[in-house]
Amino acid sequence: MLEAVEFEVYSHAPSLDLYRRNWVPDEGVCLAGTWLGAVVSDSSGQNYWGLRGTDDFLVGMTHVVSPICGFRRLKPSMDAVPDHLYTEYASIDFYEPLQYAESSDRLDVTFGSGRISRDANGCHWSDAGGRWEMHAQTVSDVFVVHVPVQEKIDQPVYYRHEVMTAQGTIDGVEVSGFAHQDYAYGPPGKVYPELPIALKLQGMWVSWMHEYDDGEIGGGCFWQGRDGLPFGPGYQLKGGVTTVHNDIVATPTFNDGGKIAALDVSIAGDTYAFAFDTAGSPLHVFGTLSGSSSGEHVSRSWCWVEYTGGMMTPEILGLVMQPYRLARGL
């Protein structure tokens with residue numbers, strides 16, 4: 001069991017070059033996974049959740065992250081897993097070869113069931129059948145945490161994250177809310193489930209966005225370590241400024257079913273309280289910002305937590321990756 005880990009945190013101002021597939025945070029590492037996720041609401045307050053991964057199990061392939069992707073219509077319940085809107089995403093994981101094209105002002109990742117693009121107007125995610133179209137604009141800096149090689153950590157890993165506002169349509173219904181895009185980097189040939197954050201470090205991951213009455217956007221993302229490990233890298237967006245931190249502390253409250261029902265968070269001199277009433281999968285819960293030290297009234301908010309408990313051990317992840325060894329040439 002790890003008792004301590006060295007890491008560094010920093011951020012970049014957003015630019016189109018950061019999203020090119022040849023961009024890496026340092027020499028000697030390669031892309032090991034990227035994910036685009038959204039939690040959005042329609043005019044009635046109905047929430048929807050979608051997530052798409054690429055490269056995270058098979059380099060050069062897009063991955064439908066079962067049992068999550070497509071889009072789900074979330075319902076306030078901590079017990080039931082909400083149904084998929086599109087039944088083909090409700091079965092086992094499947095993979096599609098991705099195609100990548102870039103120019104000076106546009107980047108496109110295309111695959112059989114859709115497209116993810118970047119240009120000066122942000123990030124655009126669409127279904128090939130026209131069932132959804134999501135447009136997102138980055139409002140934070142691009143946060144990076146780097147865990148170098150050290151005792152009991154035998155390979156380096158980088159993780160990056162950004163908060164985006166999102167708007168679009170799902171089944172012709174207008175929606176808006178919160179999106180993020182995150183990336184992982186590691187040694188050549190490695191994919192995310194083989195890297196130290198997943199294998200040894202992660203106890204909890206949190207991503208959120210809130211909107212005040214005057215339209216100001218806040219939010220951020222952070223990790224908490226496994227089994228009491230002091231691992232609290234992350235950032236917050238406040239007053240239009242992104243600040244990075246290495247000592248974020250989050251204290252969860254669990255319900256009788258073992259799901260996180262509330263979360264109290266300390267980031268530098270700021271505190272945030274979150275309340276959760278919706279499960280999206282056995283690992284994910286959703287909620288809202290219920291209070292903060294700023295005292296400002298929040299008009300809308302979305303918080304997404306991944307809490308793995310004992311469901312992401314090296315042994316379990318090793319078994320998960322076994323079926324893909326042949327496709328990876330291992």
Checklist entry - Do Val145 and Tyr159 touch side chain to side chain, with heavy atoms closer than 4.5 Å? => result yes
Checklist entry - Does Arg52 come within less than 4.0 Å of Glu96, counting only side-chain N to carboxylate O? => result yes
Item to check | Donor-acceptor under 3.5 Å (Glu216 side chain, Gly239 main chain) | outcome: yes
Item to check | Minimum heavy-atom distance between Ile153 and Pro196, given as atom pair plus value | outcome: CG2-CG, 3.8 Å
Checklist entry - Would you say the side-chain atoms of Asp26 and Tyr158 include a donor-acceptor pair closer than 3.5 Å? => result yes
Checklist entry - Rounded to the nearest 0.5 Å, how far apart are CG of Asp264 and OG of Ser290? => result 7.5 Å
Next on the checklist: Quick check for you: to the nearest 0.5 Å, what is the distance between Thr34 atom OG1 and Gln181 atom CD?
Outcome noted: 4.5 Å
Item to check | Within the 6.0 Å centroid threshold, strictly below: Tyr307 and Phe254 | outcome: yes
Item to check | Ring geometry between Phe274 and Tyr272 (parallel below 30°, tilted from 30 to 60°, perpendicular above 60°) | outcome: parallel
Next on the checklist: Whether Asp171 and Arg73 form a salt bridge (side-chain N of Lys/Arg under 4.0 Å from carboxylate O of Asp/Glu) is what I want to check.
Outcome noted: no
Checklist entry - How far apart are the closest heavy atoms of Met209 and Gly177, and which atoms are they? => result CE-O, 3.4 Å
Item to check | Shortest non-hydrogen separation from Tyr212 to Ser292 and the atoms involved | outcome: OH-OG, 4.4 Å
Checklist entry - Of all heavy-atom pairs between Lys200 and Leu2, which one has the smallest distance, and what is that distance? => result CB-CD1, 4.0 Å
Checklist entry - Distance under 6.0 Å and angle within 45° of the ring axis: does Arg160 meet both against Trp23? => result yes
Next on the checklist: Hydrophobic cluster membership, with links at side-chain heavy-atom distances under 4.5 Å among I/L/V/M/F/W/Y: are Val305 and Met78 in one?
Outcome noted: yes
Next on the checklist: Could you check, using the six-membered ring where one of them is a Trp, whether Tyr48 and Trp132 have ring centers closer than 6.0 angstrom?
Outcome noted: no
Checklist entry - Between His135 and Gln137, is any side-chain donor less than 3.5 angstrom from a side-chain acceptor? => result no
Checklist entry - Between Trp205 and His180, does the ring centre distance come in under 6.0 Å? => result yes
Item to check | Pair Tyr10, His146: side-chain N/O donor-acceptor within cut-off below 3.5 Å | outcome: no
Next on the checklist: If you compare all heavy atoms of Pro82 against all heavy atoms of Ala279, which two are closest, and at what distance to 0.1 Å?
Outcome noted: CD-O, 3.2 Å
Checklist entry - Do we see a donor-acceptor contact under 3.5 Å between the side chains of His245 and Thr243? => result yes
Item to check | Distance in Å, Leu98 CG paired with Thr54 OG1, rounded so as to fall on 0.5 Å steps | outcome: 6.0 Å
Checklist entry - Which pair of non-hydrogen atoms, one from Pro233 and one from Phe7, has the smallest distance, and what is that distance? => result CB-CE1, 3.6 Å
Next on the checklist: For Phe231 and Trp223, take the angle between the two ring planes, folded into 0 to 90°, and tell me which bin it lands in: parallel under 30, tilted 30 to 60, perpendicular over 60.
Outcome noted: tilted
Next on the checklist: Does either side chain, that of Ser15 or that of Asp17, offer a donor lying less than 3.5 Å from an acceptor on the other one?
Outcome noted: no
Checklist entry - Can you tell me how far NZ of Lys75 sits from CG of Asp277, rounded to the nearest 0.5 angstrom? => result 13.0 Å
Checklist entry - Would a 4.5 Å heavy-atom cut-off, applied to side chains only, mark Tyr324 and Pro193 as touching? => result no
Checklist entry - Do Trp208 and Val39 belong to the same hydrophobic cluster, where Ile, Leu, Val, Met, Phe, Trp and Tyr are linked whenever their side-chain heavy atoms lie under 4.5 Å apart, directly or via other members? => result no
Item to check | Stepwise ring-ring contact (aromatic ring centres under 6.0 Å, His included) test for Phe178 and Phe286 | outcome: CA-CA 12 Å; Phe178 152 57; Phe286 298 90; 9.2 Å; no
